[in-house]
Structure formats: structure tokens, C-alpha cells
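Here the structure is laid out as C-alpha cells; the discussion comes afterwards.
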Amino acid sequence: SRKFLPGQKVIQVLMSEPGPVLGEIRLVIHTLQTLKLAYTQMQTQLELQNQATPSRSWTFPSHLVFIHLDTFLRRLLSIQGAHFITVRFYQLDQTILSGVNGTLLTDVVQEAYQDFLVQVRLLSGCNCDPTDPEDQSFELNLDQFQAQVSDLETRLVSVLSKALEDCSEALSATKLVKMFWFFLDRLLVQDQLPSYLNQLVEQVLTDLDQTELEFYSEREEPERFFRFHPAAAARLCWNRQLRRRAEEALRSFRTIQNLCGGLALSHLVLKRFKKIVDLLQDFRTSVRSDWSWELESECGVILNHSLIQISHPDHLEVACRYQLEALLQELRYVTREGHVELRPHTARLLSCRDEITQKYHCLKQIVVCYNQVVGGAMEVELHLIQEHLQELEQILCELQRKTWISEGVQQQSQQVLIVHFNIREARSNMDAMRRIAHGWAELDLLQRSEDSLLESKVKDQTCRNIKTDGEQLLRLTQVNRSLYKADESSQAWKRYLDYIDDRVQDGLLQLLIRALHFLTDNMSPQLQETGSVFEPTIDGGLINVIKIIIRDIYGAASLIPRISLSRHGNYQVLLQQNPELYTREQEVMCRLLQVKEEAEQLRAGLNRYSHLWQSDRTAVFQEFLTYGKQLGAEAVDAERKPPTLKDFQREIQVLLTLSSEVSQLDEVILLNGWLQVDMRPFKTCLLSIILDWKHMYTHRLLESATNRKTAPAEPEPGSL
């Protein structure tokens, strides 16, 4: 045995992994104990044989043979005990206590664990062979180790006692006992814990009493704790909850039952538990019986009831819809619960529950489709869907004669879905046509740009969109005629087209109103100024431009083909007679008259410079050279007097003043808040004319100075 064991490592492994070595120690102990047991059994058999056939009896003293073996066994048992203690105390490494004093108690436990590790390190470090029974040094170290372990156990008992004292529930106390279960079999622990264990038993009895009290106080309305369950299922769930509480209390007691001792206490707890279990069992049996009869009655009503009903005119409902949903839910709980007697009607409904559920969903679709078809119908649409409505009414009459166990609902559901699909698609197309017509109110036929009021790219794109929308409207109307299965010559279809025609007309009206409104608010034609004449002229040119724009605005309405078959003429002719559009058009013309007056005032103000481009510069300059100034109409007999240098300076200064005045004119003038007059061409031209006048005077001075240098005789003083 000593050769089999690893010598000093038997105790050194306590600091690492004692498990494998502990297994070897237990194997050796078991082998030696088995040897002694076999010896004892053989001795007994020989003595029995000697009694049958008298001979010499077994008188050899057995202890002389086993004295050394017994010493060795005691040493191994001591080593095994040290291993057991070490393995148990290693469980304290992850111990964490909760509660009011949980942190403090956890620190005490961890401190005890660290002290234990110190003692294990000292024991495993002894220099001897623990398996040698003749070596007594190990016994001394082991006695010291056990003494320190006893002290640590005392500290742990204090922690456990304080923790049990803080526990207010049996479940918490039970978890605490399980946490320290590894050393509860120690005599020191068993001597100090009985009072706390009795307190735990009292908590178990209190939990059982509270469970019984809750049963009597809540058994009339237990379903209020399970609001989303059927009443009977809620009672059974509540019953199971109480049963689990009672069983949990009993498990808590069984955890400490062996530590408490005493059969009387065990009988008391078991008696309380059995009483509660019997009460709950009787209640459960009663609930199941009542539930079975209630289900039988409700299932009988449902199975014989018609499928649909009309709650008020033109509104359809699934018959007993809420009762059926509740009943199907109860059947699901019955299936889970089990042990509920299924009576004939209940069993029949349960057997075809899937078919009834599928049938219920089909009926819900039928009801929704019917209500949408009838409830969402427009007045103009009713005459078109008369045949569809008659088909639906025929299906409803058949469904009203059927019950929940009848066949053929699936086929009728398909018929209703087809009708609903066609009408829904037609209405969706109608919504699309409305959106197209309403969308025209957001389109721009006119847009401001730097070059012109009407931007051709924007207009062309808008017109292309309108033309595409018109083609889309025609296509959708033909699709709807196919969906409604309508006769093109019928009055119902013509009225339907008239309705669409009105929507198109409203949309075009908003489009034209938007364009005219834009025109009245944002007119900005670009005018050129040649002299003081507007180009184009206010009287003819600008008015013609505005009229062309208005004509183009109305022309957008002609891009949509006429939807109605009973009305003649295109939309442009119709909208040109609209009073609102006529009012907008007159507002535009009124603003033209207002701007005309301001334009005339502007032209009158600029006419003060007209002499610069209307006078003959050559004739005026000849007068200046003859008389020294420009003659007026009244100065016919003026005295001839050649101009002096000061006369030239006077005329040039006048021209410079005019040039400065013209340069300060605004480049753009806004008339009536909307018409822009571009003054830049006028200013450029007028400044050029003034420059020509100035050049005429300065050129004369240069020629005179040149001639004076080359002439043989000097001119008269002061003359040029």
C-alpha cells in the first residue's frame, strides 16, 4: 500500500488538486478493510464448522496479526480526513452572502478561507512521509491543523448563525443552509445551530399557514391574478401556484430535516402539507368539473349557430365572433391542462377545432371584403357594381343557412375575394386618377428666368407630363371598365366617366389658376430702350406677349383628351368660360394698364435729354462757331462773334455734367412693382451720344492748336 501511494505527495497535493490522490487513498483504505473483513468472515465460518464437527477451536489472537495494519489504517483515515476538510473548505472561495449584513459576513467568510489556506500550506509543507505510521511528526502537524480548523469552523458557525437570524423567508434560509452544507455534519456545528434551525422550521410552518390562508381568502376570485386567462384556466393556474408554494416550503424543510431531529416535528410539517394539498386537490377537481359543463353548454350553442349576421344595415359580422374566439382559447387551455372531462359537444368541437379556426378566418375575410365593397362605394359607383352586389347577397344568404360544422365555406370565400379584388383595384385606380388630377395644381407652366418670363424647357416638360397623365387617365378608365364589367353604352358607365371628367376639369382649373396667379404676381418682361421708346411697346408689344402667354396657359388644357362620352368640346373651351379664370385674366390686363401710365411718366422724364439725339450736331456746332453760342428760336438777328476758349470750356462742362447725370441713372427701374425696365442700353447709347458731342468740341480745339503752330501770322487775340 505504501508503494502504491505517492509518499510525501499524499499531503503536498492539498495545495493544488487533492482529488486524484484522495481517490488512491480511499482505494487503499477500502482494500485493507476488505482484507480484514475477509479474515473475519473466514474465522466465523471455521468456528461454525468446528461446532458441527468438534475439533480444535480458533484460539490464535488476531490482534497480533493486525496491530501494525490497524495503525497504518488509522494514519490513512487521518490523511483522508484532512483531504475531506480541504475539499470542503475550498468551496468557500466563491461564497457570497446577501442581505443587510451580506457584505460584512462575506468578508468574514473570505478571511476565514484565507486563514485556512495558510494552515493547508503549513500542513502540506512538513518534511516527512505521512504514510509511515512510525513517524509521529506528522501526527503533531495534523493535530495542530485540526485545532486550527476547529477554530475556523467556530467562526463559520457564527457567520451562519447571524445569516440565518437575518433571513425572513424559509427559502432564503434553505439556500443558506445548502451553501454551508459541506460542514454541517461537524459536531461543533450541530451543537450551535439547533435554535436557528428551529426558527427555520417555524418559517416553513408559517409559509404553509399563509398558503392555506390565501386559499380561503382568494378562492372566490382568483382569476384577477391571471387577467388574460379564461376564468377556469385562471383558477387552475392559481391552484398550481399555491401547490408549488406548498411544495417549495416542504422542500425547504426536507433540506434541514436530518439536522433538526425528531419525528414529531416531521409529522407536524407533513400533516400541514397534506392538508393544503387535499384542499387544493378538491378545489381543482371542482373547477374542472364546472369547466367541463360550461364548455359543453357553450360548444352546443356555437355548433348550432349560423355563421354570419347583419348587425345594422349594410354591415356584416361573424356570428358569435367574440364567444367563438374565447371558446377556442379555452379549448387550447383545456388541451394544455388535461384531466378535464370532454363531453360530447366539447369533444366534437375540439376534434374539428382546426377546421373551425380556418373557417372562422375565411369568414372574417368575407366580412371585411363585403363591408369594404358596400361601405366604401361611391354613389356614382353603386349602379356599376349592382351585379357584384347581387352575387354577394346570394353568397350571404347561403352562409346564413350554414352552421360551424357545415362545408363549402372555402369556395364561397374565394368568390367573395375575387369580387373584392376587382372592386378594390378599380377604386385604387380611381384614387390614382384623383392624385393625377390633384397633382396638376403643383405643376408650373410659367417660371422666372434671366432671359424670359416663360421658360420653354419648363413649359415643354410640364406639357409632356400633362399629356402623359391624359394617356394614363384613359388607360385607367378602360381598366376600370373591364374590372366593373361595364357596358360602354350604359348610362351607369357614362355617369361614372362624367364623375372622372369633373375631377379632371377641377385639376386643370387649379393648374390654370396657378399659372395665372403666378403671372399676376411675378410678371417680368425684359424691355429694350432705344431713345425714349419702349421695345416692345407697352400699347402693342407687351400686351401681345401677355396675351400669347395666357393663350398658352389655356392651351395646356387641350392636352388632356376628354374623358366623358356625353359631354362635347375639349377642356380648353370649357375652362375659357370659367368665371374665376376670366377674373384672373382681367386682373392681368388691369395691371398692364397701370404699368402703362408709369411707363409714360418714365419716358416723359427721359425726354429732357432728347435734344442730344434729335438736334443736328453739325448745324448746332456751326452756329457755335459763328455766334460763340447755340442760338435759340428767338435769337434770329444775333451778332456774329467767333467763340473764345471760355466758350469752348462752357460747352464741354455742360456735356460733362450731363454725362455724370446720365451715369447715375438706375440700371433697372421697377414699374408698378412687377415690370422691369432695363436702362442699361439707354444709358450706354446716351453716354455715347454725349461723348460724340464732347469729341466734336475737343477735336476743334486740337485742330486750332495745330494750325496755330504752323500759321505765319497770329490770329486776333481771344479768337480761334
Side-chain angles (χ1 to χ4, degrees), residues 1-30 32-33 71-97 102-163 176-193 259:
S1 297
R2 290 188 62 190
K3 290 181 179 179
F4 176 75
L5 296 174
Q8 289 187 355
K9 291 184 179 180
V10 168
I11 202 68
Q12 290 176 355
V13 297
L14 292 178
M15 286 300 298
S16 56
E17 183 60 38
V21 175
L22 178 59
E24 295 176 356
I25 295 172
R26 298 178 67 179
L27 177 60
V28 172
I29 292 174
H30 175 71
L32 297 179
Q33 289 178 343
T71 304
F72 182 66
L73 271 175
R74 284 194 295 271
R75 174 62 61 86
L76 291 182
L77 290 173
S78 299
I79 296 173
Q80 178 181 253
H83 276 266
F84 283 157
I85 292 173
T86 303
V87 171
R88 290 178 176 181
F89 269 84
Y90 275 158
Q91 299 180 35
L92 294 176
D93 185 24
Q94 303 297 329
T95 301
I96 298 177
L97 302 178
T103 303
L104 178 62
L105 296 178
T106 300
D107 293 339
V108 175
V109 172
Q110 293 302 317
E111 182 180 354
Y113 175 70
Q114 295 299 324
D115 292 343
F116 171 75
L117 293 180
V118 173
Q119 298 303 320
V120 171
R121 191 179 300 109
L122 292 175
L123 179 62
S124 62
C126 62
N127 296 321
C128 62
D129 185 0
T131 61
D132 184 6
E134 301 298 332
D135 190 350
Q136 297 300 317
S137 61
F138 176 74
E139 291 290 341
L140 296 177
N141 292 327
L142 185 61
D143 291 341
Q144 184 179 1
F145 173 76
Q146 291 177 346
Q148 294 297 327
V149 167
S150 298
D151 180 64
L152 294 176
E153 288 177 346
T154 303
R155 291 159 62 182
L156 291 177
V157 168
S158 300
V159 171
L160 180 59
S161 301
K162 179 60 178 175
L176 191 61
V177 170
K178 289 181 179 179
M179 186 181 301
F180 290 92
W181 185 259
F182 61 91
F183 80 108
L184 292 182
D185 58 342
R186 309 284 288 180
L187 294 177
L188 177 63
V189 178
Q190 293 181 359
D191 292 340
Q192 299 187 25
L193 285 182
L259 300 175

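Bear in mind the structure is a predicted one, so any value in this text is a computation, not a measurement.
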Revision key, fill the gap. Taking every heavy atom of Met15 against every heavy atom of Leu117, the minimum-distance pair comes out as SD-O, 4.2 Å
Review point. Nearest 0.5 Å, what's the SG-CZ distance between Cys126 and Phe138?
Key: 6.0 Å
Check your understanding: Does a side-chain N-to-carboxylate-O contact under 4.0 Å join Asp115 and Arg155?
Key -> yes
Practice item. May I ask you to test the Gln110-Leu92 pair for a side-chain heavy-atom distance under 4.5 Å? Key: no
Point to revise | Reference residue Val120; test side-chain contact (heavy atoms from CB on, under 4.5 Å); the match among Leu14, Ile85, Val149 | key: Leu14
Revision key, fill the gap. Looking only at heavy atoms, the pair that brings Asp129 and Arg2 closest together is OD2-NH2, 2.7 Å
Exercise for review: Working to the nearest 0.5 Å, report the span between CG of Leu156 and CG of Leu105.
Suggested key: 11.0 Å
Check your understanding: Could you go step by step and tell me if Gln80 and Ile29 meet the side-chain contact (heavy atoms from CB on, under 4.5 Å) rule?
Key -> CA-CA 9 Å; Gln80 178 181 253; Ile29 292 174; 3.8 Å; yes
Study note, to complete from the structure: Taken to the nearest 0.5 Å, the spacing of Asp135 CG from Cys128 SG works out to 5.0 Å
Point to revise | Closest non-hydrogen atom pair, Ala112 against Leu152 | key: O-CD2, 3.8 Å
Review point. For the residue pair Phe145 and Phe116, does the interplanar ring angle fall in the parallel (under 30°), tilted (30 to 60°) or perpendicular (over 60°) class?
Key: tilted
Review point. Side chain of His83, backbone of Ile11: donor and acceptor closer than 3.5 Å?
Key: no
Revision key, fill the gap. Closest heavy-atom pair, Ser1 versus Leu32, reported as atoms and distance to 0.1 Å, is OG-CD2, 3.8 Å
Review point. Does the Arg75 side chain pair with the main chain of Glu139, one donor and one acceptor, at a distance under 3.5 Å?
Key: no
Practice item. Heavy atoms only: give me the nearest Thr131-Ile79 pair and the separation to one decimal. Key: N-CD1, 4.4 Å
Check your understanding: How many angstroms lie between atom CZ of Arg26 and atom CG of Leu76, to the nearest 0.5 angstrom?
Key -> 13.0 Å
Check your understanding: Out of curiosity, Leu123 CG to Thr86 OG1, how far, rounded to the nearest 0.5 Å?
Key -> 7.0 Å
Review point. Can you tell me how far CZ of Phe89 sits from CD of Gln119, rounded to the nearest 0.5 angstrom?
Key: 10.5 Å
Check your understanding: Of the non-hydrogen atoms in Thr71 and Pro133, which two are nearest, and what is the gap between them?
Key -> CG2-CB, 3.5 Å
Exercise for review: Say whether, by atom type as modelled, one donor and one acceptor occur between the side chain of Glu111 and the main chain of Thr106 under 3.5 angstrom.
Suggested key: no
Review point. side-chain contact (heavy atoms from CB on, under 4.5 Å) between Asp132 and Phe72: does it pass, once the steps are laid out?
Key: CA-CA 7 Å; Asp132 184 6; Phe72 182 66; over 6 Å; no
Exercise for review: With the side chain counted from C-beta on, respond yes when Gln144 and Leu140 share a heavy-atom pair under 4.5 Å apart, and no when they do not.
Suggested key: no
